[in-house]
Amino acid sequence: MEDTTKTKNTPPPQEMMIGTPDEQFAPPEEKQLLPPEELNKRMYSFFNRYYLAGARRDRDSYYALTPEDFKAYPLCLCGLFVNLIMDGQLDKAGEILQNFDENNMARIGLELSYPKLTARRLFEIVNHMKAIGMNIPTIQITAGRPSVLNGVLDYTRLGPFLEGRKDEFLEGMQLMYDGTIVPALYNLCLAEWQYQQNRLMDAGLLVSKTIKEFDNDQQRRLLFVALYLQAKVLLASGKVSNMEGYIKNIRRFAKETGELEFSANINAAEAYTFLYSGNHEALDGWLASDAPDELEDFNMLDLYRYMVKIRCYIVKSKPMAVQALAERLRPLLEEGMRYMDLCELDLLLAICFFRADEKQHAFHTLESVIRTAKRRGYYRLVADEGAALLPLLVEYIKERGETPFLMRLAEDVRDMASWYPLYLKPARKDDVEFSKIELNLLKFLEQGKSKEEIADYFFVSVNTVKFHMKNIYKKLDVTTVHQAVWEARLMGVI
């Protein structure tokens, strides 16, 4: 990744064996850098007053440290590690782990947040922690994102084992979290998995139990996750207005507690609800003021926000921007084994291709989504695309044939499409003008009048009515009477 902050005055610390980034990460001369002792002090308070967002703000200071600085203040390696991950430099971040003994708490804590961590290695670390009697109660697998299973790491691959191996999960969580909230955390993980399985009632009951457990200063991230999941359950149940209320509640509690590090994701979550309600004006506001700029300071901590922005690009009919951002994310998601995010990315690309009349390309991409969703149980991930996905899915089933899995998906997608017909719908043209006869004709069509009845009212032929209806269809970009009436209502014409 090329970075415009390159400077010739700060040589790369090449003699370090920790994989420090080269001079392309050197800070700009005019920016004031923090001394290593201050960075070390901040790392001591990590997950107390100093969060990932704070470490990100100090990025240039970490990249400017020398080998001597790291030897004198080894905790600064942790700050360098998290910034390398946020920049997508996973291999270089992995090399830093070698600077710590395997029994070192910092080493274990860093490896548990390493995106390339495999499920096997995760269980090895947990067993090792049990063997040496280590407990790290400050591990945060959400990093402020509105998810636990798909937070810092993609733990959705463990979803199928949550119910069958509950005791093992609880035992492992005891090593990484305050033991008093471990049962509630397990329930939250299970609720997220039940949501993906489209077990909405089970998920809703479980998540409602967890909210009170996390309502304290130490567990604000988990409260954010629980509230967001409850809002998603409401959305999937056809209650988008309730979800908007929940987002307001999340924002209020975040403001009361200093917003910690998840305020940006709250804004993105609100923008996500605007996609379902068709509030293009509010979406424009988010894009202008708070959406991440992938062309400047790219940050993997913004992954949820990038996914929302891709949807905005689809609404704005910008297929090239969709593909550019998707292809920037793909190699990082593949390297980090983020299977759920890869499935979501392909799903959005398939929708984008279909709207661009690249039908076969859309079908090929959708096939990849279907394979992954079926294998890993991502039912709601697909179903939540509702009205944006339905035309593509129907066309795909007609051409490729029905299967039980496809028909199950189609049923859930249809439900979402019926509740939220405006989801990812392109913005309507504001400059469309109608003649007086076209406006009257639309009003009669709204009343259910036939072409013959309308012809009699205007003392014209049926062919003349058809002529005016053709013009209306063209202006509204529709093909049926029902669509014309719907669009005219949305525009406030009738």
Side-chain angles (χ1 to χ4, degrees), residues 1-8 10-28 31 33-34 36 39 42-43 46 51-67 69-70 73-100 106-118 121 140-141 143-145 151-154 261 292-306 324-339 341-342 345:
M1 182 181 70
E2 186 175 351
D3 195 310
T4 57
T5 59
K6 183 169 23 174
T7 176
K8 297 180 180 178
T10 308
Q14 296 175 340
E15 65 271 28
M16 292 185 67
M17 54 184 292
I18 59 171
T20 303
D22 56 27
E23 67 175 340
Q24 66 176 329
F25 291 107
K31 193 161 188 175
L33 303 177
L34 295 171
L39 294 172
R42 294 186 181 196
M43 288 308 303
F46 204 62
Y51 304 97
L52 284 171
R56 186 62 175 175
R57 284 193 297 270
D58 297 336
R59 168 193 178 196
D60 292 341
S61 297
Y62 286 110
Y63 284 150
L65 296 180
T66 67
D69 293 330
F70 286 116
Y73 303 98
L75 267 186
C76 290
L77 288 170
C78 300
L80 178 62
F81 176 88
V82 297
N83 274 288
L84 286 168
I85 288 177
M86 286 186 257
D87 281 324
Q89 304 292 312
L90 302 188
D91 287 338
K92 291 180 179 179
E95 293 175 23
I96 290 179
L97 298 174
Q98 307 310 314
N99 288 265
F100 298 97
R107 158 68 185 262
I108 292 176
L110 291 179
E111 192 167 3
L112 284 170
S113 61
Y114 187 42
K116 296 178 73 171
L117 181 69
T118 63
R121 180 57 185 158
Q140 295 288 351
I141 60 177
R145 289 183 191 165
V152 174
L153 301 175
D154 187 350
E261 64 183 59
D293 188 348
E294 67 274 16
L295 300 178
E296 293 186 0
D297 190 15
F298 188 82
N299 182 1
M300 282 302 290
L301 197 63
D302 286 331
L303 181 56
Y304 173 75
R305 300 170 72 211
Y306 289 137
L325 179 50
E327 293 313 311
R328 183 162 194 182
L329 289 171
R330 185 179 300 280
L332 299 173
L333 299 179
E334 290 175 345
E335 190 175 11
M337 296 178 291
R338 300 195 64 89
Y339 305 117
D341 294 316
L342 284 166
L345 198 65

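Numbers for residues simply follow the sequence, beginning at 1.
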Minimum heavy-atom separation for Leu34 to Ser61, with atom names? N-OG, 2.9 Å

Can you confirm whether Leu332 sits close enough to Phe298 that some side-chain heavy atom of one is under 4.5 Å from a side-chain heavy atom of the other? yes

CG/Leu65 to CG/Asp60 distance, rounded to the nearest 0.5 angstrom? 11.0 Å

If you round to the nearest 0.5 Å, how far is CD1 of Ile85 from NZ of Lys92? 14.0 Å

Go through it in stages, so that I can follow the logic: the residues are Leu77 and Met43, the test is side-chain contact (heavy atoms from CB on, under 4.5 Å), and I'd like the CA-CA distance, side-chain angles, deciding distance and then a yes or no. CA-CA 9 Å; Leu77 288 170; Met43 288 308 303; over 6 Å; no

Identify whether the distance between the nearest side-chain nitrogen and carboxylate oxygen of Arg330 and Glu327 falls below 4.0 Å. yes

Distance from Leu80 atom CG to Asp69 atom CG, nearest 0.5 Å? 11.5 Å

Between Pro36 and Cys76 the two heavy atoms that sit nearest each other are O-SG, 3.5 Å

Heavy atoms of Leu90 and Pro115 approach each other most closely as CD2-CG, 3.9 Å

Go through the structure and list residues passing salt bridge (charged side-chain N to carboxylate O under 4.0 Å, His left out) with Arg145, not counting sequence neighbours. none

Heavy atoms only: give me the nearest Pro292-Asp302 pair and the separation to one decimal. CB-OD2, 4.0 Å

Checking Phe100 now: which residues fulfil ring-ring contact (aromatic ring centres under 6.0 Å, His included) with it, not counting sequence neighbours? none

Taking the inter-plane angle between the rings of Phe81 and Tyr114 on a 0 to 90° scale, is it parallel (under 30°), tilted (30 to 60°) or perpendicular (over 60°)? tilted

Residue set satisfying side-chain contact (heavy atoms from CB on, under 4.5 Å) with Leu333, at least two apart, ordered chain then number -> Met300, Leu303, Met307, Leu329, Arg338, Asp341, Leu342, Leu345

Does Arg107 have any salt bridge (charged side-chain N to carboxylate O under 4.0 Å, His left out) partners at least two apart in sequence or in another chain, and if so, which? Glu111

Could you state the interatomic distance from OH (Tyr339) to CG (Asp154), rounded to the nearest 0.5 Å? 8.0 Å

Rounded distance [0.5 Å steps], CG in Leu75 versus CZ in Arg42: 14.0 Å

Under the salt bridge (charged side-chain N to carboxylate O under 4.0 Å, His left out) test, which residues partner Glu334, sequence neighbours left out? none

Taken in chain and number order and not counting sequence neighbours, the residues that satisfy salt bridge (charged side-chain N to carboxylate O under 4.0 Å, His left out) with Glu294 are Lys309

Counting distance only, does the side-chain N/O of Asp87 pair as donor-acceptor with the main-chain N or O of Leu84 below 3.5 Å? no

Under the rule for side chain to side chain donor-acceptor pair (under 3.5 Å), what residues qualify as partners of Asn299, not counting sequence neighbours? none

About how many Å separate OH of Tyr63 and CG of Asp58, when rounded to the nearest 0.5 Å? 12.5 Å

Where Asp297 and Arg59 come nearest, the two heavy atoms and their spacing: OD1-NH1, 2.9 Å

